[in-house]
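Below is one structure, written out as C-alpha cells, with a few remarks after it.
Protein chains get the first letters and strands the later ones, always in sequence-line order, with residue 1 at the start of each. All values reported here derive from a predicted model rather than from experimental measurement.
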Number of protein chains: 2
Amino acid sequence: MSKATVTAPANIAFIKYWGARDLDRAIPMNTSISMTLEHCVTQCTVETLSHGGEDEVWLAEPDGGFGTADPDFARRIREQLNRIRQWAGRKEPVRVATRNSFPTAGGLASSASGFAALTLAAVAAFGKKPSQRDLSLLARRSGSGSACRSIFGGFVEWAANTGNGSEEESYARQIADADHWDLRNVIAVVEIGPKTVSSIEGHRLATTSPYYGKRLELIPGRAEKVRKAIRERDLNALGPAIEEEAIDLHLITMSSHPPIFYWSPGSLAVLRAVRELRQEGLAAWATMDAGANVHVICDADSEDEVAERLEDLPAVGFVIRDGIGPGPEQDEEHLF
Amino acid sequence: MSKATVTAPANIAFIKYWGARDLDRAIPMNTSISMTLEHCVTQCTVETLSHGGEDEVWLAEPDGGFGTADPDFARRIREQLNRIRQWAGRKEPVRVATRNSFPTAGGLASSASGFAALTLAAVAAFGKKPSQRDLSLLARRSGSGSACRSIFGGFVEWAANTGNGSEEESYARQIADADHWDLRNVIAVVEIGPKTVSSIEGHRLATTSPYYGKRLELIPGRAEKVRKAIRERDLNALGPAIEEEAIDLHLITMSSHPPIFYWSPGSLAVLRAVRELRQEGLAAWATMDAGANVHVICDADSEDEVAERLEDLPAVGFVIRDGIGPGPEQDEEHLF
C-alpha cells in the first residue's frame, strides 16, 4: 500500500477552451491561456489498496465528513484512474478522497483542480515521477481538459496544436511563473450549485453556433494580445482582451443549437458594476467561464476596493478573493 | 392654416433592422419583419402656421401638459419636417405636438411610432395624399428607419432591396393584415427611461462586430421561416425563429467595438422566466429590440397567464399588454 496527497489549484482562463476536436480526450479546437489560482484548490488523497475489488471514491461534504460521490462524477473519476493505471502499468484498485476549498461547479473550475489533483495524487501513489509534460497530458485526458493547465503555477498556455497535431502534442506549459505578476481575481459568486448545462455539453454544442468558425479565426490575435500583456504586465492591455473573450464565449453558448444561457441576472449586474468601476478609474476587468459567476481581474492595489464594491451588490452572495498561485504541491498530511 | 392629427402605432420586429448601408437615410443592410401593435401608439398633431419663423415642437409630459422637446429630438423632428416640406413643395413652418401612449425610449420603439405619426400628420396638414409606398419611404427617411413599418397594420416587411437597390426601393409593405392572426405581445418593462446608447449609435457600430457578416448571411433563411410561420399562423415555428433573432441582435451589440450592453439583469430574468413558461407547456416566446425590455409573443388564449406570471417577477416593473393593430388612423380630435 502506498498513499499520496496533492493539492492542485483551479485556474481562470483568459482565453477559453471551448469546443473540441475530440471531446472524450479533450483535444481542443483552440489555444487557451489561464492564470493559476492560489486559494481555490482541490486536495486529493489516493491510496493503493492491496486487496482486489472496486475503487472507492469519497468526497468531502460541507460538514467536514466524507460521503460517496454521485454516480456520474464517480464514473469519471474511475475512468481517469483506469487511464492512469494503464499508463503506469498497475492494476490495484485505490481509495480516493477529495476536498475542494471552494463551492463546486458553477463556473469555479472545480473539475480542473479536481482532476489535476486526482491525476497527480494517483501518479504519486503509484510511485511514478513523470515529466510535467506527461502529467499535463494525463490530466487533460480526464476529459476535463482545463485540468491540464492546473498542473502549472503562474500563467499557463495550452496550445491547440504545438507540433504534429497528434493527441500527444496537446498539453499545457507555463509561460510565466507566479512571481512574474501579482494579479488578483475577485470572484463574485452569484449562483451556487451545479450548472444546468455541463461544460462538456457546452463543448459538444459549440460547433453548432453559426459564429463558432469566426470565433476560431479571432482567437490567435486575441491570444497574442494576452501573451504580450502578460509579458509586459500591462493590465490595461490584458483587460479588454479577456473581457471581450469572456463575452465571446457566452455569445457562442447563446447562439448554439439549442442555446445555452449560463448567465444569470446577477452576472449582468456584476458585469455592469465592473464597467462602472472602470469609469471611476479602477482597472478591473471581468471574465467568466461557462457559468454564472464573474471573475474580476485587478491588481493588488485595487483588490480591496473591488472586493468591497462587489460585496455590496445585492446580486452577489459572497466574494472569493484569490490571487495567482504557484501550482500544485504534494502534502505531508493526508485526508484519511 | 390647416391642421391634421394622426395616431400611429409602434411595431415589434420579429426580424430586426440592425446596421445600415446609409444610416442618415436609413437604408438597411437587411430585410426586417414586424408586427404592428395596437395600444402602443403616438398621437401627433401638425398645424401649418401662416406666419413665418421656426417650427414649434411640443411633447406631452407625464402630467398631461406639453413641454418643449429636448434639443436633439427637436432637431430630428425639424429635419424630418424639412424633408416633408421639400417633398410637398411647401415652405410654411408648423406647430407640432406629440404624445405617446407608453413610456418613451427603452426599446419600446417610440421613435418608430413617433416619426410615423409625424410624417403622416404633416403630409395630411399639407393636404397631400400620397401612396402608402411613398408614405413609407418618407417615414423611413426620418432616420428612424423602422418608422417605415409603422405606416401599415398587421404584419409588415421592409425589404433590404426589392428592386434596383436604390434608395427609392427601400420601403415597407404589409404581408398580412391584423385580422390574419390574433397574436399578443406582453411587454415586460424592466427599465424605464432613455437607453444609454441610442439605436442610431448601435446601427453605426453594428458592422464593427466580427459576427455581423455571418448574421447577414443568416437573415434570409430566418426571415423565410418567419414569413412561413406568419402565413401558416404557426406560433411554434415563429417562436424559435424570433427568439433566436432577438438573441442574435444582442450578440452583435455585445461584440461591437466598443461593445453595447442593452440587456439589464431584469432582461435575463424575464428571458429565463419565458423559457420556464415554455417548459410548462405555454407557447410564449421572447423578442427584444435594442433595449432592456422584453416583448413576449403569445396567442390570445395564453395572454392572461403570461401577463400574470411576468407581473410576478421582482425584476418587472409593470407589463403592457398589447396585440396586433390595424395601423395608423387619422383623428378628428386634435392635441391642441
Per the salt bridge (Lys or Arg N to Asp or Glu O under 4.0 Å) rule, which among B/K214, B/R222, B/K16 passes with B/D248?
B/R222
Region of B/P259 that comes under 4.5 Å of a non-hydrogen atom in chain A:
neither
Mind checking whether A/H250 and A/Y262 have parallel, tilted or perpendicular rings, split at 30° and 60°?
perpendicular
What I want to find out is whether A/E245 reaches A/K225 closely enough, with some N-O distance under 4.0 Å, to be called a salt bridge.
no
When only pairs under 4.5 Å are counted, which of A/G213, A/S264, A/S267 shares the most heavy-atom pairs with chain B?
A/S264
Taking only Lys NZ, Arg NE, NH1 and NH2, and the carboxylate oxygens of Asp or Glu, determine whether B/R321 and B/D304 approach each other closer than 4.0 Å.
yes
Turns out that what part of B/L251 lies under 4.5 Å from chain A's heavy atoms comes down to both
Going by the angle between their ring planes, with limits at 30° and 60°, are A/F155 and A/F14 parallel, tilted or perpendicular?
tilted
Considering only heavy atoms and a distance below 4.5 Å, find which of A/R215, A/R275, A/M254, A/E244 pairs most often with chain B.
A/R275
If we define contacts as heavy-atom pairs under 4.5 Å, which of B/P210, B/S255, B/A269 has the most with chain A?
B/P210
